[in-house]
Amino acid sequence: MFKAIILLLLVLHADDKNVPKLKWVNDGVELTSTITQDTVSRGTTGTGDIDYNSTGVFVSADGKTITQRMDTKTTWENEWGSRLYLLNADGANYDLVFLKNKEVSFDVDMSALPCAINAALYTVEMPKEGSSKGAKYGTGYCDAQGSGSSGCNEMDLWEANSAATQLAVHSCSGGSCDTGGCNVNPYRVDTAFYGVGEKFTVDTSKVFTVVTQFLTDSSGALSEVRRSYIQNGKTFPTPPVTAGGTAYESITDPYCSATGAKSLAGMSASLEKGHVVVISLWASDDAGGMDWLDAGNSGPCKENDPQGARKQLVKAYPDALVKYSNLTVKAL
Ligand SMILES: *[C@@H]1O[C@H](CO)[C@@H](O)[C@H](O)[C@H]1NC(C)=O
Ligand SMILES: *[C@@H]1O[C@H](CO)[C@@H](O)[C@H](O)[C@H]1NC(C)=O
């Protein structure tokens, strides 16, 4: 009897293998999703085979905070960052989010993330069952940088480090995707809006909340993507951007058109199908690879900085990490 119980406990323990599970809320339902890692960053091993301790991915004891480190100790080819998905409790499918008429919020700690590293929390229209080996193996990834049939709609809720941030809708239509996206980076209109220290409106040395709302028009089409930040109980809308003589407070079709981006129509249709959540921490192999996010007009970081290449970053900032908490998708 006791032997059986001990055996059972051992089996349960072995089955668990330290695989992190994240608690989050999807459309009012509290979910506990297994974190799975994509094939690119972990070779062919299944989720059950991953030594998560070496991947730099940790979930807090209450299940609500995920930490992702840049410097990892994996034996796979990449010893940096990771790209993660949320696997449904069924073990076979990714969880899907349906963002129309919803608000997505999360608390984020960017304080340990320097220039040239990109912490990205976004959604893509990838198949919920993954491809070939299945979602459990982190397969099926696609995004708006792909072309033809390999391109897919990508909604970048969060791409940021402690110095700069961008919100972007990458719509696809007629076999091509908007690689630049219809985007907003507050630095371009207010250099004191986002950054490290109390002089910034949003002080990235401390935790803050990122809120993104997906509004629709009377026909149910996506008409607006609206961003605000909450810190110390105060809400800060993203500063208005003037394009073609008009000030825009959010991403709308007129804004996309004024900035030369694709309309929201492709994203509107895509969101109907459901998107998979992606949590990715990465840096470019090359100097200047993250300048679009945080240098020149986009941020205060040094342009084309040789120290901004991945290998240098991992050496110079072995403790670089991002923490996301309280991920919530709820009805507007
Ligand atoms: C995971 O890493 C922590 C901290 O480095 C260590 O204390 C712990 O023993 C490791 N656990 C496993 C199962 O390797
Ligand atoms: C997550 O939400 C809880 C409950 O609202 C709050 O107490 C906690 O501070 C939040 N976590 C972070 C990191 O903001």
Side-chain angles (χ1 to χ4, degrees), residues 27 97-108 110 120-125 144 153-160 164-173 177-195 200-202 204 208-231 233-272 275 277 292-294 297-299 327-332:
D27 202 9
V97 292
F98 293 86
L99 296 180
K100 279 188 185 174
N101 293 312
K102 301 284 166 58
E103 173 183 295
V104 184
S105 64
F106 50 86
D107 302 316
V108 69
M110 303 299 294
L121 196 163
Y122 57 110
T123 71
V124 291
E125 190 193 327
N153 284 273
E154 169 185 343
M155 180 60 232
D156 292 341
L157 298 161
W158 191 241
E159 288 194 287
T165 184
Q166 176 175 285
L167 165 70
V169 182
H170 294 274
S171 301
C172 304
S173 57
C177 297
D178 192 349
T179 53
C182 186
N183 65 68
V184 173
N185 174 333
Y187 184 88
R188 296 192 202 122
V189 288
D190 179 0
T191 57
F193 185 77
Y194 179 97
F200 291 95
T201 306
V202 176
T204 58
F208 54 94
T209 307
V210 178
V211 180
T212 316
Q213 297 181 328
F214 294 83
L215 294 93
T216 57
D217 63 17
S218 54
S219 75
L222 179 68
S223 57
E224 187 175 354
V225 181
R226 183 172 276 275
R227 158 62 50 82
S228 62
Y229 303 80
I230 305 171
Q231 194 168 43
K234 287 189 198 136
T235 301
F236 305 103
T238 200
V241 182
T242 299
T246 305
Y248 297 95
E249 292 178 352
S250 58
I251 293 178
T252 56
D253 269 339
Y255 174 72
C256 297
S257 158
T259 57
K262 266 190 195 286
S263 86
L264 299 176
M267 183 58 73
S268 185
S270 172
L271 291 180
E272 291 286 335
H275 274 204
V277 176
W292 59 271
L293 172 67
D294 62 19
N297 287 338
S298 302
L327 176 61
T328 304
V329 180
K330 65 174 188 188
L332 275 174

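The basis for the numbers below is simple: all heavy atoms, side chains too, and nothing from hydrogens, waters or symmetry mates.
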Point to revise | Neighbour count >12 (heavy atoms, 6.0 Å) for atom CD, E249 | key: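 No - once you tally the heavy atoms of other residues, nucleotides and ligands closer than 6.0 Å, there are 12 at most.
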
Review point. Hey, what's the ring geometry for Y229 with F208, parallel, tilted or perpendicular (30° and 60° as the breaks)?
Key: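 Tilted.
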
Review point. How many angstroms lie between OG1 in T212 and CG in L157, if you round to the nearest 0.5 Å?
Key: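 T212 OG1 to L157 CG: 5.0 Å, rounded to 0.5 Å.
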
Flag, side chain of [X] to backbone of [Y], donor-acceptor distance under 3.5 Å:
| X | Y | result |
| --- | --- | --- |
| S298 | W292 | yes |
| D217 | L222 | no |
| T238 | S228 | no |
| N153 | C172 | yes |

Practice item. Give the C-alpha distance, both sets of side-chain angles, the deciding distance and a yes or no for side chain to side chain contact (heavy atoms under 4.5 Å, CB included) between F98 and L271. Key: CA-CA 6 Å; F98 293 86; L271 291 180; over 6 Å; no

Review point. Quick one: does P254's side chain get under 4.5 Å of Y248's, heavy atoms only?
Key: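 A side-chain contact under 4.5 Å exists here.
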
Exercise for review: Decide side chain to side chain contact (heavy atoms under 4.5 Å, CB included) for N183 and L167; before the verdict, give the C-alpha distance in whole Å, the side-chain angles of both, and the deciding distance to 0.1 Å.
Suggested key: CA-CA 5 Å; N183 65 68; L167 165 70; over 6 Å; no

Review point. Do T216 and N101 pass the side-chain hydrogen bond (donor to acceptor under 3.5 Å, both in side chains) test, and can you show the C-alpha distance, the side-chain angles, and the key distance before you say yes or no?
Key: CA-CA 6 Å; T216 57; N101 293 312; 2.8 Å; yes

Review point. Under the side-chain hydrogen bond (donor to acceptor under 3.5 Å, both in side chains) criterion, do D156 and H170 qualify, and how do the steps go?
Key: CA-CA 8 Å; D156 292 341; H170 294 274; 2.9 Å; yes

Review point. Going by atom types alone, do H275 and S270 pair a side-chain donor with an acceptor below 3.5 Å?
Key: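 Note: H275 and S270 side chains meet the donor-acceptor criterion.
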
Heavy atoms only: give me the nearest [X]-[Y] pair and the separation to one decimal.
| X | Y | answer |
| --- | --- | --- |
| S268 | G220 | OG-O, 4.5 Å |
| N297 | Y187 | O-CD2, 3.2 Å |
| C177 | K262 | C-CE, 4.1 Å |
| C182 | Y255 | SG-CD2, 3.7 Å |

Practice item. Evaluate side chain to side chain contact (heavy atoms under 4.5 Å, CB included) for E103 paired with V211, printing each intermediate quantity in order. Key: CA-CA 7 Å; E103 173 183 295; V211 180; 3.5 Å; yes

Review point. Would K102 and D27 pass as an ion pair if we require N to O under 4.0 Å?
Key: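 The answer is yes: the pair qualifies as a salt bridge.
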
**Study point:** Intermediate values then yes/no, side chain to side chain contact (heavy atoms under 4.5 Å, CB included), Y194 and M110
**Key:** CA-CA 11 Å; Y194 179 97; M110 303 299 294; 3.8 Å; yes

